[in-house]
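Below is one structure, written out as structure tokens, with a few remarks after it.
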2 protein chains.
Amino acid sequence: MTKVTAELVRAFTGVGYLAGLPPAERAGLAARSAVRTAARGQTIYAEGEPAAGLFVVLDGRVKLVRRSAQGREQVLHAEGSGATLAEVPVFDGGGYVASAVALEDTRLLFVPREALLDLCRRRPDVALGVIATLAGRVRRFAALIEDLSLRDLTARLAVFLLTEIPPGRDGGGLRMTGDEIAARLGTVREPVSRALSRLRRLGLVERARGLIVVRDRRGLSAIARH
Amino acid sequence: MTKVTAELVRAFTGVGYLAGLPPAERAGLAARSAVRTAARGQTIYAEGEPAAGLFVVLDGRVKLVRRSAQGREQVLHAEGSGATLAEVPVFDGGGYVASAVALEDTRLLFVPREALLDLCRRRPDVALGVIATLAGRVRRFAALIEDLSLRDLTARLAVFLLTEIPPGRDGGGLRMTGDEIAARLGTVREPVSRALSRLRRLGLVERARGLIVVRDRRGLSAIARH
DNA sequence: GCTCCGCTGTGACTTTGGTCATGGTGCCGG
DNA sequence: CCGGCACCATGACCAAAGTCACAGCGGAGC
């Protein structure tokens, strides 16, 4: 247990609003927390379920999705290590806002609701950190709403590629299947494939063995603006 | 000035996370705040501008919108008296997330950024209140994203009518123009008009001189489920 | 009363996106 | 080497939603 706890105490250093805690607080939090694993594809929690606490992604990746009755899926956001999930239900007492599904084998830390609430009451900077996290979520959701309602698919794809592929020159490009991209853009595989072909024909993007590479960032931005 | 301040002190009692403050705190906050008015249709602030503080709606109504390059408009949410606006930029230091436009003649209270930050650092319950407000925003945005991406127009309209018209039996119905509804649903007037006709033909809804009245709530829910 | 104006409803047409079906490619395991 | 599998591309078709155009209605103001 002490060994596990020691690892957990370290784990917090990578997490936004928990990173700045004094070691004693981190140890206290770690003592009240538990590690959980999820295999790729596994549902960590489902939309609407009551939430008992906060999840911290230790490693792996998680997508947060809503599903329609017809089985179509919209990804609200995807998070990697260091991210925290489910602060909304933790603080407002409602159910989970979306379902969390592991994109890869993932390890998570579960921090019980009360532990986090105590901490926020004791330390205003933690509460301010939670606020900053939620503010970021609101911003990204607003951008997604604008995309869905005001941009056509090609523009949406351009925005997606620009934000998803780091502007670092050349860079690696993006390794995602058509279905995955479609779920992010709120559509299905085929239209995405067509939109990608369009961008490819315009010379803005290239496809090299399952990897999407951006060729012309400015060109993509132009398309994104409409 | 003392008279104005006295009114402001009272004004805070209707505002979520400022209502619980002791009178001394409210007076201090009021002293640092200013009243501002906006005529119907006037823009209170525009998306992207740097934000100097929080707005509290004293009376009137405000819509928060994003606009496309082609002039189409998507309403993210609309708020009436007692609501607070712009906590996102206040706490993360970025620009406004959306433009705020008065739907009626409106009076607002402007609370400078620093005043609110001080308060949160001094009083954890205020910070928790801000968190609750943002959590609500995240929830409603998630619902909007699901609507836009997973529901067709008729279903979206059904959801909108159900949430916008209080379930109180009979009730008043809704007084909004087709354009206004369209902006809330992320589309334009004509499809809304057609969707309304469809609901009318199904006997779920009725139109009486500019007023939309719900006839069959269960029927609407069925359509909303799509 | 009449006219102007803002709003509504609807038809005809176009565009976009979703569905279905088919064939191709690259990779893994037998 | 071959078969299966996952993924991709594309054509044909269909449905939903956006655009354009027009007519009708009701209230405000002269």
Side-chain angles (χ1 to χ4, degrees), chain A residues 40-41 67-74 103-104 147-161 173-202 204-213 223-224 226, chain B residues 40-41 67-74 103-104 147-161 173-202 204-213 223-224 226:
Chain A
R40 175 190 159 99
R67 267 184 274 265
S68 77
Q70 294 77 47
R72 226 163 88 185
E73 194 173 87
Q74 170 70 54
L103 288 167
E104 316 163 4
D147 271 13
L148 289 170
S149 122
L150 303 175
R151 274 194 246 274
D152 70 12
L153 183 57
T154 314
R156 230 145 73 216
L157 178 60
V159 172
F160 178 73
L161 294 176
L174 183 66
R175 167 156 271 120
M176 270 178 95
T177 79
D179 277 314
E180 286 164 348
I181 297 176
R184 297 290 294 263
L185 301 183
T187 180
V188 295
R189 195 182 57 79
E190 296 93 324
V192 169
S193 176
R194 283 187 241 275
L196 253 179
S197 299
R198 229 168 296 150
L199 297 181
R200 192 148 25 97
R201 273 192 293 274
L202 293 170
L204 306 180
V205 125
E206 210 171 309
R207 191 140 235 216
R209 61 196 165 284
L211 204 70
I212 300 169
V213 184
I223 298 237
H226 169 204
Chain B
R40 176 189 158 99
R67 267 186 275 265
S68 77
Q70 295 78 47
R72 223 162 90 186
E73 194 173 88
Q74 170 71 54
L103 287 168
E104 316 164 2
D147 270 12
L148 288 170
S149 123
L150 304 174
R151 275 195 246 273
D152 70 12
L153 182 58
T154 312
R156 231 145 72 216
L157 177 59
V159 172
F160 178 73
L161 294 176
L174 182 64
R175 167 155 272 121
M176 271 178 95
T177 78
D179 277 313
E180 287 165 348
I181 299 176
R184 298 288 296 260
L185 300 183
T187 179
V188 294
R189 193 183 59 83
E190 296 92 328
V192 169
S193 175
R194 283 187 240 275
L196 253 178
S197 298
R198 229 168 296 150
L199 296 181
R200 193 148 24 98
R201 273 191 293 273
L202 293 169
L204 305 179
V205 126
E206 209 171 309
R207 188 140 238 215
R209 59 191 169 286
L211 203 69
I212 302 168
V213 183
I223 299 241
H226 182 200

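Proteins come first, then strands; the chains are lettered A, B, ... in the order of their sequence lines, and each starts at number 1. Worth saying up front: this structure is predicted, and the values here are computed from it rather than measured.
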Problem set entry | Value in whole Å for how far the P atom of C:dC7 lies from CD of B:Glu180 | 8 Å
Problem set entry | Under 3.5 Å donor-acceptor, A:Arg151 side chain and A:Arg156 backbone | no
Exercise. Out of C:dT10, D:dT10, D:dG18, which nucleotide sits closest to the side chain of B:Glu190?
Worked result: C:dT10
Exercise. Roughly, in whole Å, what's the span from CZ in A:Arg198 to C1' in D:dA9?
Worked result: 13 Å
Exercise. Which distance, rounded to the nearest 0.5 Å, do you find between the OG1 of B:Thr154 and the CD1 of B:Ile223?
Worked result: 7.0 Å
Exercise. Roughly, in whole Å, what's the span from CG in B:Leu157 to C1' in C:dG9?
Worked result: 15 Å
Problem set entry | Minimum-distance nucleotide (side-chain atoms of B:Val188 versus D:dT19, D:dA17, C:dT19) | D:dT19
Problem set entry | Spacing between B:Ile181 atom CD1 and C:dT8 atom C1', to the nearest angstrom | 11 Å
For this session: Compare every heavy atom of A:His226 with every heavy atom of A:Ala155, then report the nearest pair and how far apart it is.
Result: CB-O, 3.1 Å
Atom pairs under 3.5 Å: protein N/O with N/O of nucleotides 5-8 of chain D:
residue : atom : partner  : partner atom : Å
D:dC8   : OP1  : A:Gly178 : N            : 3.4
D:dC8   : OP2  : A:Gly178 : N            : 2.9
D:dC8   : O3'  : A:Arg207 : NH1          : 3.4

For this session: First locate atom CZ of A:Arg184, then atom CD1 of A:Ile181, and finally report the distance between them rounded to the nearest 0.5 Å.
Result: 9.5 Å
For this session: Could you grab the distance from atom CE of A:Met176 to atom CG of A:Leu161, nearest 0.5 Å is fine?
Result: 9.5 Å
For this session: Find the distance B:Gln70:CD to D:dC20:C1' and express it as a whole number of Å.
Result: 17 Å
Exercise. Closer than 4.0 Å, any side-chain N/O of B:Arg194 to the OP1 or OP2 of C:dT8?
Worked result: no
For this session: Classify the nucleic acid contact of B:Arg72 as base, sugar-phosphate or nothing, counting any heavy atom under 4.0 Å across all strands shown.
Result: sugar-phosphate
Problem set entry | Electrostatic pair B:Arg67:B:Glu73 at N-O distance under 4.0 angstrom | yes
Exercise. Just checking B:Arg151: base, sugar-phosphate only, or nothing, at a heavy-atom cut-off of under 4.0 Å?
Worked result: nothing
For this session: Measure the distance from CG on B:Leu196 to P on C:dT10 and round it to the nearest whole Å.
Result: 11 Å
Exercise. Side chains of B:Ser197 and B:Arg200: do they bring a donor and an acceptor to under 3.5 Å?
Worked result: yes
